[in-house]
Amino acid sequence: MKEINFKSVFITCAIGLTIWFIPNPEGVQPNAWHLLAIFVATIVGIISKAASMGTMAIIGITLCAVTQVLAPGDPAKSIVNALSGFGNATIWLIGLAFFIARGFIITGLGTRIAYNFIKIFGKSPLGLAYGLNTADLILAPAIPSNTARAGGVIYPIMKSIATNMGSHAEKPETHRKIGAYLTLSSYNANMITSVLFLTATASNPMAQKFAADLGVNITWGSWALAASVPGLVCFLLIPLFLYKSYPPELKETKEAPAIAAKQLDEMGPVSLKEWLMVATFIILLVLWIFGNLFAIDATTAALIGLCILLLSGVLTWEDVKSEKGAWDTIVWFSSLVMMGSYLNSLGLIGWFGKLVGSELSQLSWHWAFPLIIIVYSYCHYMFASATAQVAAMYSVFLSVGIAVGVPGTMLAIFLGACASLMGSLTHYGHGPAPIFFGSTYVDLKDWWKQGFYMSVLFLLIWFTVGGLWWKAIGLW
């Protein structure tokens, strides 16, 4: 009973039941409204720590099955639908990223890479943050899955650096030393690198297609040109902003490069298992970059990588079973993805988009434009991925904006970017979020608080710097 907070449980139930018994609005199916009640209650329970995230996730799945909100009158289909989140490929990619990261740690390769990073950039936490973020930026145009990029490349190195500089996941008192700072810096930088290039994350090409359906043509070059200036300004400001709003306890680490060089000497030459890990990593990069040529998606590539690690003895099945963070993340993220998906398929998200659209249609485009962006952005609290938000709401908001006269290309690219920019808001808002949150360096309250601050910073930069840049290149 130690993990149960009965006061928070009472508040969670009260909020869920209140929404449940409010009559469903016209145009919304009763079961869709009741699913919203379960979804909101689950989120409130997680935020208020009524119970662990895994517990709340299982309760959410169970309530969906028992109440049959996903398939009224069909108990067999209800349970199948309630468990459908576990069949989501992105969720398994997230879990597989944890297992691959374990290979970096067990072999010592992660430590070796971390020491090399510390040797080059380690005179300050800011230097380490910029070094990691630059690595992500370089990989972004080539690896079309930001979850693979973050979980398979950046996260293992980031965690190894944090550990080797005194932030240990199992020791909460050390989290703020440097681990928490690097976690939020690396995650939010991944959101920015995801919007800089059309091919940097899956939701961007989807937005491109939906825009084309409405007569707005976006190319790889036009997307990169429009996103370049506001995106790079955000990229440069993230480590500095977090250094002020969520500072690491370590301020200067001038001695760190020398210590790292000494540790590298003590580690000696690269071991056979490290070389096997390097070979597996190269195979993964090739498959993630050129997977389309072989009809292999990012999750399949990660499965191939895990199989290689298991067959080569780099990992054992016991290592996989003991990776608690992976299994915990798979459970709670599956629950939220399932509910978010059905809120869309049952029509509630579409209803909300049309409701907002009808209210904004009376405004001039200069007023409608910021309102469309802000409402669309903060609707991201309801989504567990950028792709889900683009699929559910992008076309509705873009069509409303075009109808009131907002320049189409500017709005199309900004809306497409917002789906990833707002991944900063929550620990479930984008594919890489559960991976970095799973490091345990940042607690839930700080993640949401800093995420909101970051979302405001992103929007301010994209409205001001972006607006001036788009004027200069003729988008409005």
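This one's a predicted model, so the numbers in the text were calculated from it and none came from an experiment. We use all heavy atoms of the structure for the numbers below, so side chains are in, but hydrogens, waters and symmetry mates are not.
Listed by chain and number, the residues in a ring-ring contact (aromatic ring centres under 6.0 Å, His included) with Y376 are F397 (sequence neighbours excluded). Residues satisfying the side-chain hydrogen bond (donor to acceptor under 3.5 Å, both in side chains) test with S341, not counting sequence neighbours, are none. In this structure, the side-chain contact (heavy atoms from CB on, under 4.5 Å) partners of S439, at least two apart in sequence or on a different chain, are Y155, T183, Y441. In this structure S312 satisfies the side-chain hydrogen bond (donor to acceptor under 3.5 Å, both in side chains) test with no other residue, sequence neighbours excluded. Residues satisfying the ring-ring contact (aromatic ring centres under 6.0 Å, His included) criterion with F39, sequence neighbours excluded, are absent altogether. Listed by chain and number, the residues in a side-chain contact (heavy atoms from CB on, under 4.5 Å) with S335 are A57, I61, M339 (sequence neighbours excluded). Residues passing the side-chain contact (heavy atoms from CB on, under 4.5 Å) test with Y453, sequence neighbours excluded: F241, K449, Q450. Residues meeting the side-chain hydrogen bond (donor to acceptor under 3.5 Å, both in side chains) test with K321, sequence neighbours left out: E318. Taking the side-chain hydrogen bond (donor to acceptor under 3.5 Å, both in side chains) definition, one finds that K209 meets it with D213, sequence neighbours left out. Judged as a side-chain contact (heavy atoms from CB on, under 4.5 Å), and not counting sequence neighbours, the contacts of E173 are K171.
Atoms OG1 and CD1, on T62 and I38 in that order, are 10.0 Å from each other to the nearest 0.5 Å. Here I374 contributes atom CD1 and C379 contributes atom SG; the two are 12.0 Å apart, rounded to the nearest 0.5 Å. Note that CG of L198 is 7.5 Å distant from CD1 of I218, once rounded to the nearest 0.5 Å. Separation of atoms SG (C64) and CG (L83) is listed at 10.0 Å; rounding is to 0.5 Å. Interatomic distance, L425 CG to W448 CH2, rounded to the nearest 0.5 Å: 8.0 Å. Note that the CD1 atom of I46 and the CG atom of L336 stand 5.0 Å from one another [nearest 0.5 Å].
Side-chain contact between M277 and I100: present, with at least one pair of heavy atoms (C-beta onward) separated by less than 4.5 Å. Looking at W462 and L459, their side chains never come closer than 4.5 Å, going by heavy atoms from C-beta outward. Residues W332 and S52 fail the side-chain proximity criterion, which asks for heavy atoms closer than 4.5 Å. For the pair Y187 and I238, the minimum side-chain heavy-atom distance is 4.5 Å or more. You'll find the side chain of I178 reaches within 4.5 Å of the side chain of L128, heavy atoms only. Within the 4.5 Å cutoff, side-chain heavy atoms of M422 are placed close to those of S377. Between C234 and M191 there is no side-chain heavy-atom pair separated by less than 4.5 Å. T163 has its side chain within reach of H168: a pair of non-hydrogen atoms, C-beta onward, lies under 4.5 Å apart.
Screening residues 94-113 for salt bridge (charged side-chain N to carboxylate O under 4.0 Å, His left out) gives R102-E323, R112-E274 as the qualifying pairs, with residues at least two apart or on separate chains. Screening residues 260-284 for ring pair (Phe, Tyr, Trp, His ring centres under 6.0 Å) gives F104-F281 as the qualifying pairs, with residues at least two apart or on separate chains.
The closest donor-acceptor contact from the side chain of W327 to the backbone of S322 lies at 3.5 Å or more, if one exists at all. Put simply, the side chain of W223 never gets that close to the backbone of P205: no donor and acceptor are under 3.5 Å apart. In this structure, K273 contributes its side chain and G103 its backbone to no donor-acceptor pair below 3.5 Å. For R149 (side chain) and L137 (main-chain N/O), no donor-acceptor pair under 3.5 Å exists by modelled atom type. The main-chain N or O of K324 is never found under 3.5 Å from a side-chain atom of D328 such that the two would form a donor-acceptor pair. Judged by distance alone, the side chain of D265 and the main-chain N or O of K262 form no donor-acceptor pair under 3.5 Å. Looking only at distances, a side-chain donor or acceptor of S8 sits under 3.5 Å from a matching main-chain atom of S48. A donor-acceptor pair under 3.5 Å links the side-chain atoms of H175 to the main chain of A169, judged by distance alone. N188 places a side-chain N or O within donor-acceptor distance of the main-chain N or O of L184, the cut-off being under 3.5 Å.
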(request) Mind running side-chain contact (heavy atoms from CB on, under 4.5 Å) on T42 and L63 for me, showing each step along the way? (result) CA-CA 10 Å; T42 302; L63 287 173; 6.0 Å; no
(message) Working note: W470 + F463, criterion ring pair (Phe, Tyr, Trp, His ring centres under 6.0 Å); need CA distance, chi angles, decisive distance, verdict.
(response) CA-CA 10 Å; W470 299 329; F463 273 123; 8.3 Å; no
(request) Report the C-alpha distance between T134 and F235 in whole Å, list the side-chain angles of each, state the deciding distance to 0.1 Å, and finish with yes or no for side-chain contact (heavy atoms from CB on, under 4.5 Å). (result) CA-CA 9 Å; T134 301; F235 181 84; 4.3 Å; yes
(request) Determine, stepwise, if the pair H380 / C418 fulfils side-chain contact (heavy atoms from CB on, under 4.5 Å). (result) CA-CA 9 Å; H380 197 82; C418 284; over 6 Å; no
(request) Go through the steps for F121 and Y130 under the test side-chain contact (heavy atoms from CB on, under 4.5 Å), then give the verdict. (result) CA-CA 8 Å; F121 302 106; Y130 279 114; over 6 Å; no
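Residue V390 comes nearest to F210 through the heavy atom pair O-CE1, 3.6 Å, listed as atom of the first residue, atom of the second, then distance. Shown here for V314 and I106, the closest heavy-atom pair between the two residues is O-CG2, 4.1 Å. The two atoms that bring N190 and N146 nearest to each other are OD1-ND2, 3.2 Å, heavy atoms only. The two residues A207 and Y394 come nearest to each other via the heavy atoms O-CE2, 3.4 Å. Nearest heavy atoms, I413 versus S222: CD1-O, 3.9 Å. Minimum interatomic distance between G45 and M56 (heavy atoms only, all atoms of both residues): CA-CE, 3.8 Å.
Side-chain atoms of Y378 and S455 form a donor-acceptor pair, as typed in the model, at a separation below 3.5 Å. When only modelled atom types and interatomic distance are considered, N133 and S185 share a side-chain donor-acceptor pair under 3.5 Å.
Two rings, from W220 and F197, have their centers less than 6.0 Å apart. For an aromatic pair to be called close, the ring centres must be under 6.0 Å apart, and F333 with W92 fails this.
The aromatic rings of F437 and H427 are tilted relative to each other, their planes meeting at an angle between 30° and 60°.
Around the NZ atom of K445, the shell of radius 6.0 Å holds no more than 12 heavy atoms that belong to other residues, nucleotides or ligands.
Shown are L285, I308, L306, T107; of these, the side chain to side chain contact (heavy atoms under 4.5 Å, CB included) with T280 is made only by I308.
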